[in-house]
There are 2 protein chains.
Amino acid sequence: MKIGELSARTGVSIRSLRYYEEQGLLAPTRSDNGYREFSPLAEEQVRTIQLYLGLGLSTDQIAGFLHCVLKNREAFCNEVLPIYREKLAEIDSQIHLLQNIKLNLEDRIRSILDERPEGQLEE
Amino acid sequence: MKIGELSARTGVSIRSLRYYEEQGLLAPTRSDNGYREFSPLAEEQVRTIQLYLGLGLSTDQIAGFLHCVLKNREAFCNEVLPIYREKLAEIDSQIHLLQNIKLNLEDRIRSILDERPEGQLEE
DNA sequence: CTTGACCCTCACACCAATGTCACGGTTTAT
DNA sequence: ATAAACCGTGACATTGGTGTGAGGGTCAAG
């Protein structure tokens, strides 16, 4: 199938599909006229890519194990687990950072409300 | 004081101080030779800017209330509270997003470990 | 007068996936 | 044959605070 059909089937923009190819995540053949020709399997492949992107992985990381997980169960691809753990640690530290900011903001909001219980105006 | 001194006093890079001026957060005068001349108050001002940046506010948002909070208590600057609330909502939604991803990752890690209790290798 | 430590402006790089032009070739249907 | 609907490549924009480098003034001490 051509890129337009793959895009329509998956909901992923043509631009992104071309980008995935550039990043080594898709490897369509080329027709005589230069058009990309995708196998029917590409549809599931694109959904798989989207799934990993949704987990916050980069195309680089996905490229490291995509060929394996397309053929095997994830559990048998040794590259996956360390990447998951790395990502999890990263997410955790982001969450902590955001929670600190959140507490700080809540404190400051509370201070303002305490200090200005009425709807006072200024400036 | 000149920009180098302000940078040394605050720990903020010269590059950033120039950027803050560009964004309307600092307004140094200029000496005859074109050098920026900062008032002693600029030091506290820079610390205040850093504080708000640390809360995740943009220079644009800070510019909206900085002149007020430098003269009054925060509670009397009406622009502050809505921005805090907006930011808080944003932070909250980011935390939720990250927590969803986190749960997802943890599930997937658990699945892998369940499915592969031994240190099996492949590929 | 020279050296070195300042200062200035302008401008590109970064991160990473996606949008969006421009410009041009191909195919399909009328 | 022509228009519409595809497809191709290339390249710039986005986000936003900061790093970095080029190229060039200013000034104080020796």
Side-chain angles (χ1 to χ4, degrees), chain A residues 1-38 42 45-64 66 83 86-87 90-91 93-94 97-98 101, chain B residues 1-38 42 45-64 66 83 86-87 90-91 93-94 97-98 101:
Chain A
M1 88 188 85
K2 287 183 301 222
I3 199 169
E5 187 182 345
L6 183 58
S7 172
R9 281 177 185 275
T10 59
V12 175
S13 75
I14 290 177
R15 175 68 176 88
S16 292
L17 294 176
R18 292 195 184 121
Y19 179 69
Y20 298 162
E21 181 190 17
E22 195 184 356
Q23 298 303 302
L25 301 181
L26 293 175
T29 60
R30 293 296 179 129
S31 305
D32 289 348
N33 54 21
Y35 289 6
R36 290 169 181 82
E37 181 61 35
F38 294 90
Q45 190 163 349
V46 170
R47 294 191 204 288
T48 302
I49 293 169
Q50 290 288 100
L51 182 151
Y52 288 121
L53 285 175
L55 289 175
L57 302 186
S58 68
T59 54
D60 231 37
Q61 292 174 312
I62 298 171
L66 183 63
I83 289 181
E86 189 183 331
K87 192 69 197 177
E90 192 185 318
I91 298 272
S93 91
Q94 287 182 48
L97 186 64
L98 289 175
I101 295 179
Chain B
M1 90 188 82
K2 287 182 299 215
I3 199 168
E5 188 182 344
L6 183 57
S7 171
R9 281 178 185 276
T10 60
V12 175
S13 74
I14 291 178
R15 176 68 177 89
S16 293
L17 294 175
R18 293 196 184 119
Y19 179 69
Y20 299 162
E21 181 191 16
E22 196 184 15
Q23 298 302 302
L25 300 181
L26 294 175
T29 59
R30 295 295 179 128
S31 305
D32 289 347
N33 55 19
Y35 290 7
R36 290 169 180 81
E37 182 60 35
F38 293 90
Q45 191 162 348
V46 170
R47 295 191 203 286
T48 303
I49 293 168
Q50 290 286 99
L51 181 152
Y52 289 122
L53 285 176
L55 288 175
L57 302 187
S58 68
T59 54
D60 230 38
Q61 291 175 313
I62 299 171
L66 183 64
I83 288 180
E86 190 182 329
K87 192 69 197 176
E90 194 185 315
I91 299 272
S93 91
Q94 286 181 49
L97 186 63
L98 290 175
I101 294 179

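Each chain gets a letter, A, B and so on, in the order the sequences are listed, and its residues count up from 1.
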Inset, instruction - Give the rounded distance in Å between these two atoms: CG of Leu17(B) and C1' of dT9(C). - result: 16 Å

Inset, instruction - Using a cut-off of strictly less than 4.0 Å, decide whether Asn33(A) has a side-chain nitrogen or oxygen near OP1 or OP2 of dT27(C). - result: yes

Legend entry - Closest listed nucleotide, where the reference is the side chain of Leu53(A) and the choices are dC6(C), dG19(D), dT18(C): dT18(C)

Inset, instruction - Report yes or no: is there a donor-acceptor pair, N or O only, under 3.5 Å between the side chain of Tyr35(A) and the base of dG25(C)? - result: yes

Inset, instruction - Can you measure from OG (Ser58(B)) to CD1 (Ile83(B)) and round to the nearest 0.5 angstrom? - result: 7.5 Å

Legend entry - Donor-acceptor under 3.5 Å (Ser7(B) side chain, Ile3(B) main chain): no

Inset, instruction - Please tell me which of the listed nucleotides, dT20(D), dC7(D), dG19(C), lies nearest to the side chain of Arg15(A)? - result: dG19(C)

Inset, instruction - Name the nucleic acid region contacted by Arg36(B), choosing base, sugar-phosphate or nothing; use a 4.0 angstrom heavy-atom cut-off, strictly under. - result: sugar-phosphate

Legend entry - Length of the CD-C1' vector between Glu22(B) and dC10(C), whole Å: 11 Å

Legend entry - Separation of atom OH in Tyr52(A) from atom P in dA17(C), rounded to whole Å: 16 Å

Legend entry - Phosphate OP1/OP2 of dT9(C): any Arg30(B) side-chain N/O under 4.0 Å: yes

Inset, instruction - Indicate whether OP1 or OP2 belonging to dT18(D) is found under 4.0 Å from a side-chain N or O atom of Ser13(B). - result: no

Legend entry - Length of the CE-P vector between Met1(B) and dC6(C), whole Å: 16 Å

Inset, instruction - Go through dT9(D), dT20(C), dC8(C) for me and flag the one nearest to the Arg18(B) side chain. - result: dC8(C)

Legend entry - Phosphate contact (dG16(D) OP1 or OP2) by Thr59(B) side-chain N/O below 4.0 Å: no

Inset, instruction - Say whether, by atom type as modelled, one donor and one acceptor occur between the side chain of Gln45(A) and the main chain of Leu25(A) under 3.5 angstrom. - result: yes

Inset, instruction - Grab the CD1-P distance between Ile3(A) and dT26(C) for me, whole Å please. - result: 18 Å

Legend entry - Atom-pair distance (CG on Leu25(A); C1' on dA17(C)), nearest Å: 12 Å

Legend entry - Arg18(B) bridged to Glu21(B) by N-O distance under 4.0 Å: no

Legend entry - Under-4.0 Å side-chain N/O to phosphate OP1/OP2 contact, Ser16(B) with dG17(D): no

Legend entry - DNA chain C: 5'-proximal contact among Lys2(A) and Glu21(B) (nearest heavy atom): Glu21(B)

Inset, instruction - Check the distance between dG16(D)'s C1' and Leu57(B)'s CG and give it to me in whole angstrom. - result: 14 Å

Inset, instruction - Round to the nearest Å and state the distance from Ile14(A) atom CD1 to dA17(C) atom C1'. - result: 16 Å

Inset, instruction - Decide, yes or no, whether a salt bridge links Arg9(A) with Glu5(A) under the criterion of side-chain N to carboxylate O below 4.0 Å. - result: yes

Inset, instruction - Give a yes/no answer on whether the side chain of Tyr19(B) brings an N or O atom under 4.0 Å of OP1 or OP2 in dG17(D). - result: yes

